[in-house]
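Order of the sequence lines fixes the chain letters, A, B, ..., with proteins taken first and strands second; residue numbering starts at 1 for each chain.
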Amino acid sequence: MTEVVATWGGTLERHVGDTVMAVFGVPAVREDDAERALRAAMEMHQRLEALNQELEARHGVALAMRIGVETGEVLAPRDQPAGGRLLAGDAVNLAGRLERTADPGTVLAGERTFTVARRAIRFAEPVALDPAEPGPPLVAHPVQGPLPVREPRRALPETPFVGRERELARLGGLLEEAIGTGSSRLVVV
Amino acid sequence: VSADRLIDALWGEQPPASAVKTLQTYVSQLRRELEPHARPGGWRALQTLDGGYRLQVDRDSVDADRFARLVDTGRQALGRGEPAVAASWLREGLGLWRGPAFAELAGVPVAQAEAARLEELRLVAVEGRVDAELGLGRHAELVGELEALVAVHPFRERLRGQLMLALYRCGRQADALHVCQDARRALVEELGIDPGPALQQLQRQILDQDPALDLDARPPAPPAPEGVELGEERKLATILLAGVDATTATGRRLDPERLRARCCAPTRRR
């Protein structure tokens with residue numbers, strides 16, 4: 001499983017009892033961390049299936065795994081190496097709630113993971129996440145599988161930029177410059 | 001926590017004869033509240049041990065621990081001379097409070113002791129946050145809040161000192177000195193003691209109009225050496241949590257010990 005997580009660019013951070021936590025985005029953030037995490041989760045299930053065939057044949061037991069994935073801000077220690085870092089944040093708690101709610105063999109994604117990964121991953125209809133808990137109702141998105149072809153970005157409904165006039169003006173200016181001079185301009189956003 | 005200790009905490013010296021049974025009922029109710037989705041026989045956060053119970057949870061799941069950690073992080077930032085960072089952590093920590101701690105357990109001594117500890121930590125956090133905001137030049141906004149805090153906690157000299165500094169920086173030297181006289185009167189009349197050296201020194205500095213009291217007089221925090229990273233940082237990350245259970249072919253769950261016994265036994269011949 002460590003290998004699967006590493007293949008998709010994550011790190012396995014810790015084992016707590018019979019739960020393992022993997023992190024995508026620390027120390028280096030990637031645009032598609034959510035998608036990578038979900039792909040890793042699906043592959044973990046596939047690998048386990050293969051392992052289970054062997055376990056069942058040899059020992060008469062099987063392992064059932066439930067996976068929860070959520071994205072959000074976490075507090076990560078800067079000075080610790082990967083593989084034992086304690087991360088804090090709502091995303092960690094939410095991933096735990098999703099994991100506990102998931103059926104064996106399935107992956108549940110949280111709202112933010114769903115939002116950023118939906119162009120690449122197919123999800124089933126959302127389900128309510130422990131409705132007994134106080135606060136606004138949370139939904140979980142069951143992962144069905146990867147989408148065959150990534151939908152191009154422009155297929156998304158365009159959301160207008162609000163309150164970014166200065167930044168937009170600057171970008172527009174640089175674009176004009178680039179067109180006018182025929183040389184490139186670099187902008188870090 | 002041993003069952004005896006819990007019974008002591010709940011009923012004191014003379015527990016009813018049914019104390020053990022009642023405690024078990026309470027624990028099972030608590031379990032339902034804490035882990036409505038726990039699978040029968042599965043891993044539980046609230047574990048029954050020989051003669052007691054253990055709550056094994058992620059440290060972020062306990063708001064009191066989370067608060068303590070946020071306060072600690074905030075105070076470390078304050079120590080490094082990063083008031084904006086400190087103020088943000090401390091504000092987040094204080095934001096976790098929803099009224100007095102353990103208010104519903106007012107009659108339980110153990111809870112009261114813990115509530116007192118948390119309340120002290122809350123005041124330390126408030127004082128830290130005020131220090132951070134004073135460092136950010138928000139003295140004008142702080143005066144009203146500090147006056148209210150001093151009224152509730154008249155013997156906390158640090159709050160008095162902060163109020164004096166905020167008033168001084170607002171150009172209200174006379175009011176600042178008046179706060180000091182109030183503090184002295186309260187301490188002498190109620191407790192028979194003089195204000196501590198910090199407050200006395202602050203009073204002298206105000207009288208001398210010591211430039212060290214001005215916001216800009218503080219030396220800027222030394223920059224962190226390049227390439228060395230400190231403390232914690234906020235990151236956008238995706239967290240994957242996978243939980244694993246072992247089951248037999250008939251769907252029965254196995255605990256890890258039995259799983260090991262089974263998997264380490266000689267392999268069946270086919």
Residue part contacting chain B, namely of A:R36, when any heavy atom lies under 4.5 Å: neither

Can you tell me how the ring of A:F123 sits relative to the ring of A:F114, calling it parallel under 30°, perpendicular over 60° and tilted otherwise? perpendicular

Just by distance, with hydrogens left out, do B:T48 and B:R31 show a side-chain donor and acceptor under 3.5 Å apart? yes

Segment of A:N93 engaging chain B (4.5 angstrom heavy-atom cut-off): side chain

Could you check which of A:V74, A:D33, A:V69 has the highest count of heavy-atom pairs closer than 4.5 Å to chain B? A:V74

Least distance between heavy atoms, A:A102 atom then A:I67 atom: CB-O, 3.9 Å

Can a donor-acceptor pair be found between the side chains of B:Q47 and B:Q56 at a distance below 3.5 Å? yes

Proximity breakdown for A:N52 and chain B, heavy-atom pairs closer than 4.5 Å: neither

If you tally heavy-atom pairs under 4.5 Å between each of A:A91, A:G72, A:A34 and chain B, the highest tally belongs to A:G72

B:S2 side chain vs B:R5 backbone, donor-acceptor pair below 3.5 Å: yes

